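Below: one structure, written as structure tokens.
These numbers come from a predicted model, not from an experiment. Atoms considered below: every heavy atom in the structure, side chains included; atoms not considered: hydrogens, waters and symmetry mates.
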Amino acid sequence: MSASTGIPDRDPLPSYLAPVPKTIEDLGLRFAWLIVAINLAGTAFGFWYYSGQFATTAPVMWPWVPDSPMATLLVALAIAAWKLGHEQPWLTALAFFGNIILGLWTPYTLLVFSETYAAQTHPLMYQFLFWSHLAMVVQAYVLHRITDFPVWGVAAALAWYTSNLLVDYFVPIVGEPHHTILPVPRDEPMFLAADALGVVGAGEVTFTLLACFLALATRVKKCEAARPQGADG
């Protein structure tokens, strides 16, 4: 922890775990309350964006509907908790998972159905959705500065986002799958013999596994860095 800025020091992580330049990480942490405010504004917009889907979904399934706004809400809460001196590892892990998964899944989906979205979505909205979600990935990669990703915290995040996968693509429980409405029929043939639902589902499964790997790899590298030199076990 830097005594002059109150910002946690950066651990010596490999670039695939900490690809954001330290200067940008420091800037984000220094203006943490601004980042919280931006994410809360994004959350409000996201809940408005999903209002139509809320209206057609059973209330019991509402927690699984607004994936992206929930991810921005989680990162706002995680950063706010840290700023207030009460960082919650489970909350930070949830924020990390959500911002990696949804930050990648939305641009992936926009690219997979780019022709259809281009015809149905205003170009400015398309660009906003694409780049704002990639920004979620960037802020996720800064969270290693405020948490050690304990295994139990990662387990909590994995449990939640596994349940999200189940109700989105495999076991809807109530009604139909509750993922973001696709711009084409769910059974429309795509590529590699997969239908539209299978293609977006494969993407989310992949990004969930990626988030889990990154969180646990960060944990391992932090533990290795903290181990005294010459302690080979």
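- Hydrophobic clustering of Ile, Leu, Val, Met, Phe, Trp and Tyr side chains at less than 4.5 Å, counting indirect connections, keeps Phe213 apart from Val220.
- Listed for the Glu204 side chain is no donor-acceptor partner under 3.5 Å among the backbone atoms of Ala202.
- Here the shortest heavy-atom pairing between Gly42 and Thr72 reads C-OG1, 4.2 Å.
- In this view, Tyr108 and Phe207 satisfy the ring pair (Phe, Tyr, Trp, His ring centres under 6.0 Å) rule, not counting sequence neighbours.
- Side-chain atoms of Thr43 come within 3.5 Å of backbone atoms of Leu73 as a donor-acceptor pair (strictly under, hydrogens ignored).
- Applying the side-chain hydrogen bond (donor to acceptor under 3.5 Å, both in side chains) rule to Ser68 yields the partners His133; only residues at least two apart in sequence or on another chain are considered.
- The CG atom of Leu110 lies 9.5 Å from the CD atom of Gln127; values are rounded to the nearest 0.5 Å.
- When all heavy atoms are compared, the tightest approach of Leu111 to Tyr126 is N-OH, 4.0 Å.
- In this structure a side-chain-to-backbone donor-acceptor pair under 3.5 Å is present from Thr56 to Gln53.
- With sequence neighbours excluded, no residue forms a side-chain hydrogen bond (donor to acceptor under 3.5 Å, both in side chains) with Ser132.
- Residue Ile38 is found in a hydrophobic cluster whose other members, listed by chain and number, are Leu27, Phe31, Leu34; membership requires side-chain heavy atoms under 4.5 Å apart, directly or through intermediates.
- Between atom CG of residue Asp11 and atom NE2 of residue His144 there is a gap of 8.0 Å, rounded to the nearest 0.5 Å.
- Ala156 approaches Trp90 most closely through the heavy-atom pair CB-CB, 4.4 Å.
- Applying the side-chain contact (heavy atoms from CB on, under 4.5 Å) test to Ala196 and every residue at least two apart in sequence or in another chain returns Phe113, Leu182, Val184, Met190.
- Atom CH2 of Trp48 sits in a sparse spot, with 12 or fewer heavy atoms from other residues, nucleotides or ligands closer than 6.0 Å.
- Considering CD1 of Ile35 and CD1 of Ile79, their distance stands at 6.5 Å, rounded to 0.5 Å.
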| said: Between Leu197 and Asp187, is the side chain to side chain contact (heavy atoms under 4.5 Å, CB included) condition met? List the steps. | reply: CA-CA 7 Å; Leu197 181 63; Asp187 58 356; over 6 Å; no
| request: I would like to know whether Tyr141 and Val138 meet side chain to side chain contact (heavy atoms under 4.5 Å, CB included); could you show each step before the answer? | output: CA-CA 5 Å; Tyr141 269 115; Val138 174; 6.0 Å; no
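- Counting only residues at least two apart or on different chains, the side-chain hydrogen bond (donor to acceptor under 3.5 Å, both in side chains) pairs with a member in residues 151-163 are Trp64-Ser163.
- Rounding to the nearest 0.5 angstrom, the gap separating the CG atom in Leu216 from the CZ atom in Phe149 is 9.5 Å.
- Residues satisfying the salt bridge (Lys or Arg N to Asp or Glu O under 4.0 Å) criterion with Glu224, sequence neighbours excluded, are Lys221.
- Remark: Gln120 pairs with no residue by the side-chain hydrogen bond (donor to acceptor under 3.5 Å, both in side chains) rule, at least two apart or across chains.
- No chain of hydrophobic side-chain contacts below 4.5 Å, direct or via other Ile, Leu, Val, Met, Phe, Trp or Tyr residues, connects Trp131 to Leu124.
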Side-chain polar contacts of residues 96-103 - donor-acceptor pairs under 3.5 angstrom, sequence neighbours left out - could you list them?
{"from": "Asn99", "atom 1": "OD1", "to": "Gln139", "atom 2": "NE2", "distance (Å)": "2.9"}
{"from": "Asn99", "atom 1": "ND2", "to": "Ala71", "atom 2": "O", "distance (Å)": "3.0"}
{"from": "Asn99", "atom 1": "ND2", "to": "Ala95", "atom 2": "O", "distance (Å)": "2.8"}

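- Of all the heavy atoms in Leu104 and Pro107, the pair that sits closest is O-CD, 3.3 Å.
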| task | Could you give me the CA-CA distance, side-chain angles and deciding distance for Leu214 and Leu210, then say whether side chain to side chain contact (heavy atoms under 4.5 Å, CB included) is met? | result | CA-CA 6 Å; Leu214 292 173; Leu210 174 63; 3.9 Å; yes
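- From Leu77, atom CG reaches atom CG of Asn39 across 9.5 Å, with rounding to the nearest 0.5 Å.
- Evaluation of the side-chain hydrogen bond (donor to acceptor under 3.5 Å, both in side chains) rule for Thr147 yields Glu87 as partners, not counting sequence neighbours.
- Nearest heavy-atom pair across Phe170 and Leu165 is CD1-O, 3.5 Å.
- When all heavy atoms are compared, the tightest approach of Leu143 to Thr92 is CD1-O, 3.9 Å.
- At distances below 3.5 Å, not a single donor-acceptor pair connects side-chain atoms of Trp105 with backbone N or O atoms of Gly201.
- Note that CG of Asp67 and OG1 of Thr106 are 8.0 Å apart. Values are rounded to the nearest 0.5 Å.
- Annotation: side chain of Tyr117 is not in contact with side chain of Leu129 (no heavy-atom distance under 4.5 Å).
- With sequence neighbours excluded, the residues satisfying ring pair (Phe, Tyr, Trp, His ring centres under 6.0 Å) with Phe128 are Phe45.
- Within the structure, salt bridge (Lys or Arg N to Asp or Glu O under 4.0 Å) contacts touching residues 138-154 (residues at least two apart or in different chains) are Glu25-Arg145, Asp26-Arg145, Asp148-Lys222.
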